[in-house]
Protein chains: 2
Amino acid sequence: MSNDLLKLENQICFKIYSAEREITRLYRDLLQELNVTYPQYLVLLLLWEKDSLSVKELGKRLFLDSGTLTPMLKRMESNGLVERKRSVEDERSVIITLTEKGEALKEKAACIPNQLTQNMAMTKEELIHLSHTLTSMLDVLQNQSNSE
Amino acid sequence: MSNDLLKLENQICFKIYSAEREITRLYRDLLQELNVTYPQYLVLLLLWEKDSLSVKELGKRLFLDSGTLTPMLKRMESNGLVERKRSVEDERSVIITLTEKGEALKEKAACIPNQLTQNMAMTKEELIHLSHTLTSMLDVLQNQSNSE
DNA sequence: TAAAATTAAATTGTGTACAATATAAATAAT
DNA sequence: ATTATTTATATTGTACACAATTTAATTTTA
């Protein structure tokens with residue numbers, strides 16, 4: 001393999017690593033008013049779409065385990081955004097539901113995607129192509145980690 | 001703006017967030033033998049290229065501040081990979097240099113980019129295009145954060 | 001040159017991530 | 001039905017990441 005290609009791949013990984021932090025920073029600014037972090041916002045997005053999800057379901061959708069989710073959901077609970085209740089049918093499961101305050105944040109958050117897209121300053125074509133590239137990359141990477 | 005576009009942008013940010021973690025996981029597996037993390041590997045890459053860099057210089061290249069670097073470099077020091085010494089010319093600066101052990105890891109790490117590229121399973125054309133897209137995105141985002 | 005401003009690291013505190021392990025509930029197997 | 005296995009969370013410990021503040025050294029400025 002050419003040295004150029006090795007360097008290129010190194011650069012791409014570093015760029016993805018850097019891009020993730022830049023995007024998190026963008027969201028941090030926009031989410032400051034809502035007093036939530038980007039991962040917490042991701043949880044809210046799922047709950048706004050369909051309230052009442054188990055920790056397991058959230059973890060499956062966000063690719064996060066209970067070691068990350070449990071303390072995060074407890075923080076969201078103590079901030080009054082969600083409630084955590086053991087499922088009646090299956091006492092192993094914990095069901096997360098939105099409080100009124102958590103539900104109400106949806107309106108406040110409505111402007112965020114718009115602002116973010118403006119900050120990213122990419123054409124629709126670029127966005128679509130990038131999305132496709134990342135999807136095929138994730139398909140490969142996530143299948144690797146699931147089939148271990 | 002169309003709702004599709006808003007959703008698309010949401011998805012892209014989440015994909016970048018997910019891709020970063022998948023790549024970190026790939027590196028975690030490959031770097032396990034070297035007993036370093038991906039951010040530590042990034043520091044080593046810079047030092048292997050040019051030994052003796054200040055914390056400030058490392059932070060500038062990696063977009064990390066002393067709050068992240070100081071404890072990380074201390075861990076690398078206690079693992080015997082680098083040395084930390086106050087600069088003689090400017091006592092505010094701390095200069096990081098490789099130990100023999102840190103220098104020796106370079107050989108062991110030689111196979112990593114190759115293995116990683118195989119795992120990413122992308123064509124050279126895709127890699128180049130992705131690199132360009134991320135570069136222009138980072139140019140915009142990082143200039144925003146620097147010009148605040 | 002003495003005071004003010006700037007700079008480079010370090011420190012403190014909060015919030016992810018994740019490996020490894022523990023715990024308790026549900027399901028499968030004998 | 002009892003035991004074994006699996007499953008869903010929780011816990012523990014390590015390592016980033018970053019905002020905010022502190023400390024000490026260097027420059028700038030009055």
Side-chain angles (χ1 to χ4, degrees), chain A residues 14 17-29 31-32 34-43 53-79 81 84-96 145 148, chain B residues 14 17-29 31-32 34-43 53-79 81-82 84-96 142 145 148:
Chain A
F14 178 60
Y17 164 75
S18 303
E20 189 275 335
R21 288 191 289 133
E22 285 298 327
I23 285 171
T24 303
R25 181 188 53 73
L26 266 189
Y27 273 107
R28 190 162 37 241
D29 295 346
L31 293 171
Q32 196 169 14
L34 310 195
N35 194 33
V36 296
T37 65
Y38 179 57
Q40 291 175 16
Y41 172 70
L42 292 175
V43 168
L53 292 170
S54 67
V55 173
K56 178 184 164 60
E57 180 66 19
L58 287 171
K60 191 175 148 197
R61 303 274 294 271
L62 301 177
F63 308 100
L64 293 170
D65 67 11
S66 68
T68 301
L69 283 174
T70 298
M72 189 169 103
L73 293 168
K74 282 184 178 176
R75 279 188 289 273
M76 293 177 76
E77 185 182 40
S78 72
N79 287 339
L81 300 177
R84 300 162 60 251
K85 272 182 193 156
R86 288 277 160 188
S87 164
V88 185
E89 302 101 61
D90 186 338
E91 287 272 337
R92 292 172 304 181
S93 278
V94 170
I95 307 297
I96 309 298
S145 52
E148 261 165 24
Chain B
F14 178 59
Y17 164 75
S18 304
E20 189 277 333
R21 287 192 290 133
E22 286 297 330
I23 285 172
T24 303
R25 182 188 53 73
L26 267 189
Y27 273 107
R28 191 162 36 242
D29 296 345
L31 293 171
Q32 196 168 13
L34 309 197
N35 194 33
V36 296
T37 64
Y38 179 57
Q40 289 175 16
Y41 172 69
L42 292 176
V43 168
L53 292 170
S54 66
V55 173
K56 179 184 163 60
E57 181 67 20
L58 287 171
K60 192 177 148 196
R61 304 274 293 272
L62 300 176
F63 307 101
L64 293 170
D65 68 11
S66 67
T68 302
L69 283 173
T70 297
M72 189 169 103
L73 293 168
K74 282 182 178 176
R75 280 188 289 273
M76 294 177 77
E77 185 182 40
S78 73
N79 287 338
L81 300 177
V82 300
R84 299 162 61 250
K85 273 182 192 156
R86 288 278 162 188
S87 164
V88 185
E89 301 99 61
D90 187 338
E91 288 272 336
R92 290 171 305 181
S93 280
V94 168
I95 307 297
I96 310 298
Q142 288 172 343
S145 53
E148 261 166 24

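Naming: A, B, ... by sequence-line order, numbering from 1 per chain.
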task = Pick base, sugar-phosphate or nothing for Lys60(A), based on heavy-atom distances below 4.0 Å to the nucleic acid.
result = nothing

For nucleotides 1-4 of chain C, give me every protein contact, N/O to N/O, under 3.5 Å, one pair per line with atom names.
none

key: Nucleotides bounding contact with chain B, strand DNA chain D, heavy-atom threshold 4.0 Å   = dA15(D) to dT26(D)

task = Apply side chain to side chain donor-acceptor pair (under 3.5 Å) to Gln40(A) and list each qualifying residue two or more places apart in sequence or on a separate chain.
result = none

inquiry  = Under the rule for side-chain contact (heavy atoms from CB on, under 4.5 Å), what residues qualify as partners of Thr70(A), not counting sequence neighbours?
reply    = Ser66(A), Lys74(A), Arg84(A)

Sugar-phosphate, base or nothing in reach of Thr24(A), heavy atoms under 4.0 Å = nothing

request  = Would you please name every residue forming a side chain to side chain donor-acceptor pair (under 3.5 Å) with Asp90(A), sequence neighbours left out?
outcome  = Arg92(A)

Could you list the donor-acceptor pairs under 3.5 angstrom formed by side chains in residues 54-64 of chain B, with sequence neighbours left out?
from     : atom 1 : to       : atom 2 : distance (Å)
Ser54(B) : OG     : Glu57(B) : N      : 3.0

query = Between atom CG of Leu31(A) and atom OG1 of Thr24(A), what is the distance when rounded to the nearest 0.5 Å?
reply = 10.0 Å

inquiry  = Quick one about Glu91(B) and Ser87(B) (side-chain donor to acceptor, distance below 3.5 Å, no hydrogens or angles considered), yes or no?
reply    = no

Distance, nearest 0.5 Å, that separates CG of Leu81(B) from CD1 of Ile96(B) = 11.5 Å

Under 4.0 Å protein heavy-atom contact, by nucleotide of nucleotides 14-27 of chain C - B base, S sugar-phosphate only = -SBBBS-----BS-

Atom pair CG (Leu73(B)) and CD (Glu77(B)), whose distance is rounded to the nearest 0.5 Å = 8.5 Å

task = Considering non-hydrogen atoms only, spot the tightest contact between Pro39(B) and Met72(B) and give its length.
result = O-CE, 3.4 Å

Ring pair (Phe, Tyr, Trp, His ring centres under 6.0 Å) partners of Tyr38(B), counting only residues at least two apart = Tyr17(A), Tyr27(B)

ask   = What nucleic acid atoms does Ser54(A) come within less than 4.0 Å of, heavy atoms only: base, sugar-phosphate, or nothing?
value = sugar-phosphate

Salt bridge (Lys or Arg N to Asp or Glu O under 4.0 Å) partners for Glu22(B), two or more places apart = Arg25(B)

query = Any donor and acceptor pair, going by atom type alone, linking the side chain of Asp65(B) with main-chain N or O of Thr68(B) inside 3.5 Å?
reply = yes

query = Between Met76(A) and Val43(A), is any pair of side-chain heavy atoms under 4.5 Å apart?
reply = yes

ask   = So what does the secondary structure string of DNA chain D come out as, 5' to 3', with Watson-Crick or wobble pairs under 3.5 angstrom, [ ] for crossing and | for pairs with another strand?
value = ||||||||||||||||||||||||||||||

